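Notes to accompany the following structure.
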Amino acid sequence: MRVLVTGVTGYIGSHAAVELLGAGHDVIGVDDFSASTIETRQAIERAAGRKIEFHELDLRDGKGVECLLGHAELDAILHFAGRKFVGESVANPIRYYTRNVTASVNLFAAAERNAINNVVFSSSCTVYGNPAKLPVTEQSQIAPVSPYGRTKAVVEGLLQDLCHAQPKMRALALRYFNPIGAHPSGLIGEIPWGTPNNLVPYVMEVATGERAVLSVFGDDYNTPDGTCVRDYVHVVDIAKAHVLALEAVRRNTFGNRFENRDGFGALNLGTGHGSSVLEVLDACRTATQRPIAHQVVARRPGDAAVIYADPTRAASELGWRAELDLITMCTDHWNFAQNIAEQQADVS
Ligand code: UDP
């Protein structure tokens, strides 16, 4: 298939591109480099051993999107582009509604006009907000608690409505839990921009010496060690799920065992297993062989105590299961973090 990958030089998009190329698909990549760098394009090509076609484009530019989709002869779209930080979305909701929603409206309007009917959308477990029951299934209530989460839910709704209106359109939303890790080649991974918001990127900067100490946000939760529990999943496992999802969308095989009246479905991508902040920290200490100082501070507002996925629907619909364990996630994340630290040291 000729597959448009939006946000191709971003964290998940770059890994998905490598897996798509490995599975024999052609990648037509799009990015505006608002949160990534041009070097990632070459890194994708080195990791996959194949070239991609690339267009620098901001999806808020509706005419540019229409022009690309009108000429690129695409079979499918993998839509990753967008902002992803809860705190930033609270401070700047307009940025999230334009970059995540307006951009998606432009993209899928052009897809509809050009009869590009196979879509996989990068969604998030954040659409569930603070789930009442665990593990989180796809039937759990959609109740996001941040502008970021609401933009993901809005775009899922848009795709569902579009699939209803256009019988040939089919879309799968993949709801990621906590993706971490990097490609085992060390060539691609999550490039930090400023102070990391997420746990593992922050831990890695303590390990490289860039930051002094990890703040653990609360150890008085009702969990075995008092720290929050999340479902961490290797980014390469997440990337592989996209190739399977794309093939399921094209064959229209998903949804035979659950609601598929409109050609839209959503799947959780997690391991089904929760790890606490202190367990992740221990795994990172093992992977990095560095001490990694930490201090317990106050809870972070808005954090749920425990969230982990029920990933059985992804297994039954796609044959997908997360395969890589926490130590592998931390080891691969560390390899990439060291490469980035070395590159930054060379530049300065
Ligand atoms: N966390 C922490 N210190 C940090 C960043 C995160 O203790 O510097 C905790 C956070 O409270 C949460 C877990 O690590 O319980 C995962 O946080 P992250 O932001 O990576 O993911 P999310 O909150 O989206 O699940």
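Sequence positions, counted from 1, serve as the residue numbers for this chain. What you see is a predicted model; the values in this text were computed from it and never measured. Each ligand, and each atom within it, is numbered from 1 in the order the structure gives.
In summary, the side chains of H273 and T271 do not present any donor paired with an acceptor at a separation below 3.5 Å, with no hydrogens or angles considered. Y96 and E88 share a side-chain donor-acceptor pair at under 3.5 Å.
Counting protein heavy atoms only, atom 11 (O) of ligand 1 is closest to D303 OD2, 2.5 Å. C228 CB, 2.9 Å is the protein heavy atom nearest to atom 15 (O) of ligand 1. Here the heavy atom of the protein found nearest to atom 25 (O) of ligand 1 is R230 NE, 2.8 Å. From the protein, the heavy atom lying nearest to atom 20 (O) of ligand 1 is L199 N, 2.9 Å. Of the protein's heavy atoms, R300 NH2, 2.8 Å lies nearest to atom 23 (O) of ligand 1.
On a distance-only criterion, Y202 and ligand 1 share no N/O pair closer than 3.5 Å. Ligand 1 has no nitrogen or oxygen under 3.5 angstrom from a nitrogen or oxygen of V216.
Of the heavy atoms in N198, both backbone and side-chain atoms come closer than 4.0 Å to ligand 1. Within the 4.0 Å heavy-atom criterion, neither part of I307 lies near ligand 1. Residue contacts with ligand 1 for V277 involve side-chain atoms from C-beta outward but no N, CA, C or O (heavy atoms, distance under 4.0 Å).
Within the 4.5 Å cutoff, no side-chain heavy atoms of E39 are placed close to those of I191.
With sequence neighbours left out, the ring-ring contact (aromatic ring centres under 6.0 Å, His included) criterion links Y97 to no other residue. The ring-ring contact (aromatic ring centres under 6.0 Å, His included) check on Y176 picks up H242, with sequence neighbours excluded.
Within ligand 1, the atoms closer than 4.0 Å to a non-hydrogen atom of N197 are 5 (C), 19 (O), numbered from 1 in the order shown. The atoms of ligand 1 that sit less than 4.0 Å from any heavy atom of S215 are 2 (C), 3 (N), 4 (C), 7 (O), 8 (O). For ligand 1, the atoms sitting less than 4.0 Å from at least one non-hydrogen atom of N178 are 21 (O), 22 (P), 25 (O), numbered in the order shown with element in parentheses.
Of the charged side-chain nitrogens involved, none lies within less than 4.0 Å of a carboxylate oxygen, so that K152 and E156 do not count as a salt-bridged pair. Between D237 and K240, none of the side-chain N atoms (NZ, or NE/NH1/NH2) sits under 4.0 Å from a carboxylate O, so this pair counts as no salt bridge.
Between atom 4 (C) of ligand 1 and the options Y221, F217, Y232, the minimum heavy-atom separation is to F217.
When each of N198, V235, L326 is checked for a side-chain contact (heavy atoms from CB on, under 4.5 Å) with I180, only L326 meets the rule. Partner of D32 under the side chain to side chain donor-acceptor pair (under 3.5 Å) criterion, out of R60, H55, R99: R99 alone.
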